[in-house]
Amino acid sequence: MAPGRRKSLCFNTMPDRPNDAYDPQAVERKWERRWEERGTHHTDLPGATRPYFNLMMFPYPSAEGLHVGNVFAFVGADIQGRYHRLKGRQVFEPLGFDAFGIHSENFAIKVGTHPAELIPRNIARFREQLKRIGLMVDWRYEVQTTDPRYYKWTQWIFLQLLRAGLAVKRRAAVNWCPACKTVLANEQVIGGYCERHPDVKVEQRMLDQWFFTITKYAQRLLDHLETADWSHSTRTIQANWIGRSEGAELVFETPAGKRITVFTTRADTVFGATYLVLAPEHPLVSELTTNERRPDVTDYRRRVAAMDLVSRKVGDKTKTGVFTGSYARNPATGKAVPIWIADYVLMEYGTGAIMAVPGHDERDFEFARAMKLPIVRVVAGPGHDGGTPLAAAEPEIPDGRLVNSPGYDGLPWEDAKRRITADLAAKGLGKAVVNYRLHDWCISRQRYWGPPIPVIYCDDCGTVPVPEQDLPVVLPALEDFRPDDSGVSPLARAESWYRVPCPGCGKPARRETDVSDTFLDSAWYFLRYPSADRDDVAYDGALTGKWLPVTSYIGGNEHAVLHLMYSRFVTMALHDLGLLGFEEPFTRFRAHGTIVKDGAKMSKSRGNVVNPDAYVEQWGADTFRMYLMFLGPYQEGGDFRDAGISGIRRFLDKVWLLTGAAAQTAPGAEQAHRDGAGDLLRMMHRTVQRVTEDTESLAYNTAIAAMMEYVNALRDGAPTRALVEPLVVLLAPYAPHFAEECWERLGHTGSVMDAAWPGFDPALAVAEQVEFVIQVNGKVRGRLRLSRGTAQETAVQAALADPGVRRFTGEGKPRKVIFVPDRLVNIVV
RNA sequence: GCGAAAGUGGCGGAAUCGGUAGACGCGCGGGCCUUAGGAGCCCGUGGGGCAACCCGUGGGGGUUCGAAUCCCCCCUUUCGCACCA
């Protein structure tokens, strides 16, 4: 039925809907079944000649099910995958579930159901929802991190890193909730209190923990960022997280000969270092404390230890601290300076000790004021000198030069930094060093729901790795897996599991009872996907060589630091062990935006989570997909509101009608348009160009707008097959079920996903007639339709002849004419 | 405080190698069709003015024939980090 004459003759039921009206539910059910039957989304992994690994961040299968934010993320990635498939690549689009971790465990405890029972239910629900969205996922390669067939290899990865010397055990501070009797992650500590016990203060405890020494790779992780094809925002976040800082380590000696090493980025200010501050946990503190000062020092250290890690860092920043009673010699001035301890110095950064320069550091200034310590100016800006008093710390003085620094006075401070460092180094009292903010990765969790760390402790042999052939170390089925009062992992209660013979000497030994961090599960899952059906290897060499590194990875910036950094680290480590042929796992990464609701991030606690099911049911997956993509720029996200979704539905209805009309026309009629209705053909080429470029660059909202414009134009003309078929292919990544049905309506028997993405002729993709803007003195005074490529003289003549323009140019001669081809003529009088 | 991104109609947003501001969609107004219409179709829709025109891209300066776009200052929002020495 032709558009414009769509009124039905029948009455009563749906009087205005033609009999063949678009019925999303029917169409989507039909194609989901067909895809399944035909294996449309199966990828021939070994046989592919132009592989494209299209990765999206696998979800944590929460009990609530999929939410709109997930759908937004997956659909945007799916569009890339489908687009590249239509462009002729063999696209592998796998998906899986990241189901270990404290969230699952806590939720299981809350509802009183074992996670081993809960998780499969959640996964089943998720999988159904995901299928309903129309993703091009090859489910044959699904992975589940909680499956022993998967975590066997997670444990294997641990053993490889252990072998490489990148896994070490050391004591470290953790957040401890006295009520939960367990450790908490930093994000579970809210304002110093436990998230589950708002009236219980969290403390810190020292525990033995396994660490991956990611800091050894800090510089490489940073260097590769410069050339990575990654979203700018993600690269910046990672670079900041690594936090490279160039400075020097300087040595202050005590009369007893103890060398206290401090890290500073401002060696130029060493003459102004009037005291030292050590972190309260610093190993030298006890030794340096005089008997007289010991009660105060001990008391202060105890108070700091009682504080949790979070409030220690973000809480009240009033400066506190105590004097140790000892002094050390400033290597530049030779004078003795007092040694203090204060909680504003952190043990985990630098050397855990600083030289305090109150004249040029705000924190030191504040502390010196409070403790009545001397403040000396050693850098002065223009017009100031060594005698100019300091009302506040002056950190970075433009054009500042050294003062009160015998031997260096008058030097610009940036130069002095280098000179002083070098001079002190020559005396063995310093060296230039680079420091990183990045910490080693603590992977130990004193919890139940995770892969056991595959290590055995033997009194004779010490720490023994579980032999690879004994993997996996299966997580025992514990009825009661709650953490108990001991502070020891729940696994320690599984007696029969815990006690094992030593793999080395056979004597009784004990298993490691900590499980590993979930971030380890997800740090290598992309390696597993192509080999998900293999039990003999973590990942197959040939397949990995063919499919990795990942061609395109799309995900949220909430994982910019931890997940992406850990994945890069594990990849580099495996590369260095000779187990991978590449150093970086993700060739291209794009961060999608966040979908917010009423201006706030969706979260259960806020109660503003939008469930996609109702929308899919009411509007269909295709309309919902397109609507989410049309909300705004994909890489920025946007506010979810359902006002406007009908616009997408109307658009699809129009395409449906166009398809019906075009199906009546003869095939291959493009030539006819070249002679006759050329404008539509030109517009088609332009549309193909816009949609191609926009889809490639994730500008989905404008790609959809371009298709809408084209459809509006087609409705005013005659929709032939040659004009409509390319549109259906353009639409396939966005509305896959719908496009399949349209493709079939047009008489094709195969999947539209096996069609070719339409090409465009750049010469045809521009209009023949263009509108020139005529300006007089920069103000728009008229418009003229002229043919493309009109020469300057012709255009100016036409402009000057225009009566509307004449009124402003007057009789005088133009002083100047600016001509922009095909766009504008500006006459200056 | 540091770092990054962004401020455009009633709303979501287009347009940033300087060159028609407001594409596309929602909403709104008018009309057609209709027993009816939250359906569909057509027209209109930044503000002011009868009009010629004038004013308009967070605010203020500047460069330019011409600025949403470039430069300087300020304000606001979002995100990341945060006593990092």
Side-chain angles (χ1 to χ4, degrees), chain A residues 3-8 14-17 232-241 243 245 247 262-266 269 277 312-319 342-346 348-357 361-364 366-367 395 435-438 557-558 560-561 593-594 596 599 601 627 630-633 635-648 650-651 653 699 701-709 711-712 715 770-783 804 807 814-829:
Chain A
R5 295 206 55 230
R6 67 194 62 158
K7 246 187 77 187
S8 172
M14 304 280 293
D16 301 299
R17 285 245 176 241
H232 172 80
S233 58
T234 314
R235 282 158 47 194
T236 307
I237 293 169
Q238 285 219 347
N240 290 345
W241 186 264
S245 139
V262 301
F263 174 73
T264 179
T265 54
R266 293 294 305 274
T269 62
V277 188
R312 161 82 186 272
K313 286 187 187 172
V314 299
D316 183 5
K317 289 185 181 169
T318 311
K319 294 290 176 288
D343 66 354
Y344 82 92
V345 173
L346 308 173
E348 71 253 29
Y349 187 75
T351 59
I354 63 157
M355 63 174 202
V357 184
D361 182 282
E362 283 167 23
R363 297 153 301 179
D364 297 343
E366 205 185 311
F367 189 81
N435 226 308
Y436 299 91
R437 207 192 72 97
L438 182 70
N557 254 347
E558 66 271 22
V561 172
T594 316
V596 299
K601 208 176 198 166
Y627 177 63
F630 192 60
L631 271 180
Q635 292 175 87
E636 284 168 37
D639 203 7
F640 182 86
R641 59 191 73 190
D642 46 17
I645 193 168
S646 59
I648 297 289
R650 283 203 271 263
F651 165 73
D653 279 334
N701 56 334
T702 49
I704 292 170
M707 290 190 271
M708 286 174 164
E709 283 183 62
V711 163
N712 290 344
R715 280 158 55 82
V770 288
E771 193 172 60
F772 274 75
V773 172
I774 313 302
Q775 296 184 334
V776 179
N777 292 334
K779 282 189 187 278
V780 180
R781 298 303 181 185
R783 284 142 213 249
R807 296 200 3 249
R815 266 180 37 217
K816 190 177 172 186
V817 171
I818 286 119
F819 176 77
V820 181
D822 296 333
R823 302 209 106 162
L824 140 153
V825 174
N826 186 9
I827 297 158
V828 185
V829 292

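Note that the structure is a prediction, hence the values are computed from the model and not measured. A, B, ... follow the sequence lines: proteins, then strands. Residue 1 opens every chain.
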With sequence neighbours excluded, tell me which residues meet side chain to side chain contact (heavy atoms under 4.5 Å, CB included) with [X].
{"X": "A:Thr236", "answer": "A:His232, A:Asn240"}
{"X": "A:Val776", "answer": "A:Arg781, A:Val805, A:Phe808, A:Thr809, A:Val829"}
{"X": "A:Asn712", "answer": "A:Lys654"}
{"X": "A:Lys816", "answer": "A:Ile818, A:Val828"}

| side-chain hydrogen bond (donor to acceptor under 3.5 Å, both in side chains) partners for A:Asn777, two or more places apart | none
| side-chain hydrogen bond (donor to acceptor under 3.5 Å, both in side chains) partners of A:Glu709, counting only residues at least two apart | A:Arg690
Sugar-phosphate, base or nothing in reach of [X], heavy atoms under 4.0 Å:
{"X": "A:Thr236", "answer": "sugar-phosphate"}
{"X": "A:Leu631", "answer": "sugar-phosphate"}
{"X": "A:Arg815", "answer": "nothing"}

Mind calculating the distance between [atom1] ([X]) and [atom2] ([N]) to the nearest angstrom?
{"X": "A:Asp642", "N": "B:G27", "atom1": "CG", "atom2": "C1'", "value": "14 Å"}
{"X": "A:Gln635", "N": "B:A6", "atom1": "CD", "atom2": "C1'", "value": "14 Å"}
{"X": "A:Asp361", "N": "B:C2", "atom1": "CG", "atom2": "C1'", "value": "14 Å"}
{"X": "A:Phe640", "N": "B:G13", "atom1": "CZ", "atom2": "P", "value": "14 Å"}
{"X": "A:Arg363", "N": "B:C2", "atom1": "CZ", "atom2": "P", "value": "13 Å"}
{"X": "A:Tyr344", "N": "B:A85", "atom1": "OH", "atom2": "P", "value": "13 Å"}
{"X": "A:Glu362", "N": "B:A82", "atom1": "CD", "atom2": "P", "value": "18 Å"}

For nucleotides 17-24 of chain B, which of its nitrogen or oxygen atoms have a protein nitrogen or oxygen under 3.5 Å away, and what is each distance?
from	atom 1	to	atom 2	distance (Å)
B:G19	N2	A:Gln775	OE1	3.1
B:G19	N2	A:Asn826	ND2	3.3
B:U20	O2	A:Arg783	NH1	2.5
B:U20	N3	A:Glu771	OE1	3.2
B:A23	O2'	A:Glu709	OE1	3.4
B:A23	O2'	A:Glu709	OE2	2.9

| task | Name all residues meeting the ring pair (Phe, Tyr, Trp, His ring centres under 6.0 Å) criterion together with A:Tyr436; count only those two or more places apart in sequence or in a different chain, and write none if there are none. | result |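 With neighbours one apart ignored, the set is empty.
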| request: Quick one, give me the B/S/- string for nucleotides 45-56 of chain B, reading 5' to 3', where B means a protein heavy atom under 4.0 Å from the base and S means that only happens at the primed atoms, P, OP1 or OP2. | output: -------SSSS-
| request: Would you kindly compare A:Gly644 and A:Glu636 by the position of their nearest RNA chain B nucleotide and give the one closer to the 5′ end? | output: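 Counting from the 5' end, the first nearest nucleotide belongs to A:Glu636.
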Please write out the pairs of protein N or O atoms and N or O atoms of nucleotides 79-81 of chain B separated by less than 3.5 Å, giving the distance to one decimal.
from	atom 1	to	atom 2	distance (Å)
B:C81	O3'	A:Arg437	NH1	3.2
B:C81	O2'	A:Arg437	NH1	3.4

| Where does B:G9 fall, syn or anti, if syn means a chi angle no more than 90° from 0? |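 Glycosidic conformation of B:G9: syn.
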| task | Would you mind telling me which of B:C41, B:C84, B:G40 lies closest to the side-chain atoms of A:Tyr349? | result | B:C84
| Where A:Phe367 and A:Lys319 come nearest, the two heavy atoms and their spacing |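 Where A:Phe367 meets A:Lys319 most closely, the heavy atoms are CD1-CB, 3.7 Å.
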| said: With a 4.0 Å cutoff (strictly under), does any side-chain N or O of A:His232 reach OP1 or OP2 of B:A5? | reply: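 Answer is yes, contact under 4.0 Å.
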Check nucleotides 61-64 of chain B against the protein and report each pair of N or O atoms closer than 3.5 Å, with its distance, or say if there are none.
none

| Secondary structure string for RNA chain B (Watson-Crick or G-U under 3.5 angstrom, | for other-strand pairs) | (((((((..(((......[....)))((((((.......))))))(((....)))..(((((..]....))))))))))))....
